[in-house]
Participant: 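Sending over a structure as structure tokens; questions will come in a sec.
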Amino acid sequence: MSLNASFAPAPAGALHVPDLESIEPGLDLVAEIQRLRSARKAVILAHYYQEPEIQDLADFVGDSLQLSQQAAKTDAEVIAFCGVHFMAETAKILSPSKKVVIPDMDAGCSLADRCPTDQFAEWLKQYPDHEVVSYINCSAGVKALSTVICTSSNAVRVVNSIAPEKQIVFAPDRHLGKWVMKQTGRDMVLWPGFCIVHEQFTAKRIAALKAKHPEAKLIAHPECDATVSQMADFVGSTAALLNFVAKDAATSFIVATEAGILHQMRQRRPGAELIPAPADSGCNCSLCPYMKLNNLEKLYLALRDLQPEIRLDEDTRLRALLPVERMLALG
Ligand code: 13P
Ligand code: SF4
């Protein structure tokens with residue numbers, strides 16, 4: 001079976017159009033969200049790529065791993081997940097008795113959407129003896145076909161946990177896969193997926209920026225192409241990048257990941273110069289179009305109407321749970 005990047009994106013979830021017109025003009029959205037959060041016994045979880053006003057309202061802001069850890073342990077009755085679909089779906093996998101809502105059901109992810117479960121299952125038939133390590137940026141169906149899940153912050157640890165004599169398939173991000181191969185020395189078969197945001201950063205544009213800011217440290221997410229990661233002073237998940245900026249002695253950083261992370265970085269290092277890496281085309285492509293579908297209006301509606309709600313069939317959920325739990329057990 002031949003694979004390329006032109007898969008038609010699968011819809012992230014069931015059709016749901018947020019009824020924005022039903023919002024009373026002049027409503028104090030922040031106050032209403034706070035009121036509904038306590039009335040619904042809800043917790044608001046937000047990824048670092050969310051708009052600043054959502055991050056500021058959230059009970060917890062984190063990277064994919066931290067958010068799934070929070071989802072697994074919360075005692076809230078409702079999880080309002082401000083992130084993308086696979087993240088909210090992971091929360092549902094871990095907390096089936098809770099209602100999990102997402103402000104915009106169309107908030108997908110190019111990695112997850114371009115790895116449809118049926119095509120992945122077909123592709124895997126070529127590797128019947130391989131262990132399947134899947135990046136959390138995938139659907140519940142793909143998780144259910146996996147041995148173990150990883151995030152960008154624990155991918156090296158997860159791969160190192162697999163017995164050296166075992167062969168490994170890694171999906172769906174080929175860049176993260178290559179980076180993990182380099183860190184671990186393990187050979188892996190890679191599904192050819194990529195993130196449309198991180199793929200926009202090129203060594204050429206970043207080298208030009210570095211020439212202008214020779215004192216700046218380059219930090220990059222492992223979803224970037226290897227030519228970018230190789231140039232970086234530090235490579236890590238969003239939480240690791242944030243931590244690096246908070247603690248490093250440098251006062252200037254070129255940040256090669258989605259620009260939403262800058263909000264927390266500015267709070268941790270108010271005096272530091274934070275330079276977002278430019279996308280290759282000069283467009284606004286360093287903003288994830290899926291993450292940015294969520295906004296305060298839609299979060300308010302999600303808490304008011306308790307929809308759109310993430311639903312999963314129990315068989316898929318149970319099969320997806322095991323590899324997610326294996327990951328969480330590794331820390
Ligand atoms: P993190 O694992 O750093 O949260 O990244 C998730 C993601 O979607 C990056 O694009
Ligand atoms: Fe997916 Fe890339 Fe957006 Fe992350 S930044 S959610 S990997 S499309």
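Predicted model only: the values in this text are computed from it and were never measured. In each ligand, atom 1 is the first atom listed, and ligand 1 is the first ligand listed.
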Participant: Measure the distances from the heavy atoms of Y48 to every atom of ligand 1 and state whether one is below 4.0 angstrom.
Facilitator: no

Participant: Does only the side chain of H221 get under 4.0 Å from ligand 1, or the backbone, or both, or neither? Count heavy atoms.
Facilitator: side chain

Participant: For H198, is the nearest heavy atom under 4.0 Å from an atom of ligand 1?
Facilitator: yes

Participant: Treating N294 as the side-chain partner and G83 as the backbone partner, does any N or O pair qualify as donor plus acceptor under 3.5 Å?
Facilitator: yes

Participant: I'd like to check the side chain to side chain contact (heavy atoms under 4.5 Å, CB included) partners of S237; sequence neighbours left out, ordered by chain and number.
Facilitator: D63, S152, S153, A239, A240

Participant: Is there a polar contact, in the sense of an N or O pair closer than 3.5 Å, between S64 and ligand 1?
Facilitator: yes

Participant: Look at ligand 1 and say whether Q66 reaches it with a heavy atom at a distance under 4.0 Å.
Facilitator: no

Participant: Does NZ belonging to K182 count more than 12 external heavy atoms closer than 6.0 Å?
Facilitator: no

Participant: Can an N or O of S153 be found at a distance shorter than 3.5 Å from an N or O of ligand 1?
Facilitator: no

Participant: Would you call E51 and K292 a salt bridge, using N to O less than 4.0 angstrom?
Facilitator: no

Participant: Any atoms of ligand 1 less than 4.0 Å from a non-hydrogen atom of Y49? List them with their elements.
Facilitator: 7 (C), 9 (C), 10 (O)

Participant: Counting heavy atoms not belonging to E165, are there more than 12 under 6.0 Å from its CD?
Facilitator: yes

Participant: Considering only heavy atoms of T238, which atoms of ligand 1 have at least one such atom less than 4.0 Å away?
Facilitator: 1 (P), 3 (O), 4 (O)

Participant: What I want to check is whether the side chains of H47 and Q55 have a donor and an acceptor closer together than 3.5 Å.
Facilitator: no

Participant: Excluding waters, which protein N, O or S atoms are within less than 2.8 Å of atom 1 (Fe) of ligand 2?
Facilitator: C109 SG

Participant: Determine, using ring centers only, whether W191 and F170 are less than 6.0 Å apart.
Facilitator: no

Participant: Donor-acceptor pair, S22 side chain versus D19 backbone, under 3.5 Å?
Facilitator: yes

Participant: Please could you name the atoms of ligand 1 that S237 approaches to less than 4.0 Å, counting only its heavy atoms?
Facilitator: 3 (O)

Participant: Where does V84 meet ligand 1, judged by heavy-atom distances below 4.0 Å: at the side chain, the backbone, both, or neither?
Facilitator: neither

Participant: Which residue pairs pass the salt bridge (charged side-chain N to carboxylate O under 4.0 Å, His left out) test when at least one of the two sits in residues 316-331, sequence neighbours left out?
Facilitator: E314-R317, D315-R319

Participant: Using modelled atom types only, decide if a donor and an acceptor are shared between the side chain of R157 and the backbone of L330 within a distance under 3.5 Å.
Facilitator: yes

Participant: Please state which option from N137, N154, L67 has its nearest heavy atom closest to atom 8 (O) of ligand 1.
Facilitator: N137

Participant: Apply the hydrophobic cluster definition, ILVMFWY joined by side-chain contacts under 4.5 Å directly or through others, and give me every member besides L29.
Facilitator: L20, I23, L27, V30, I33, L36, I44, I54, L57, L296, L299, Y300, L301, L303

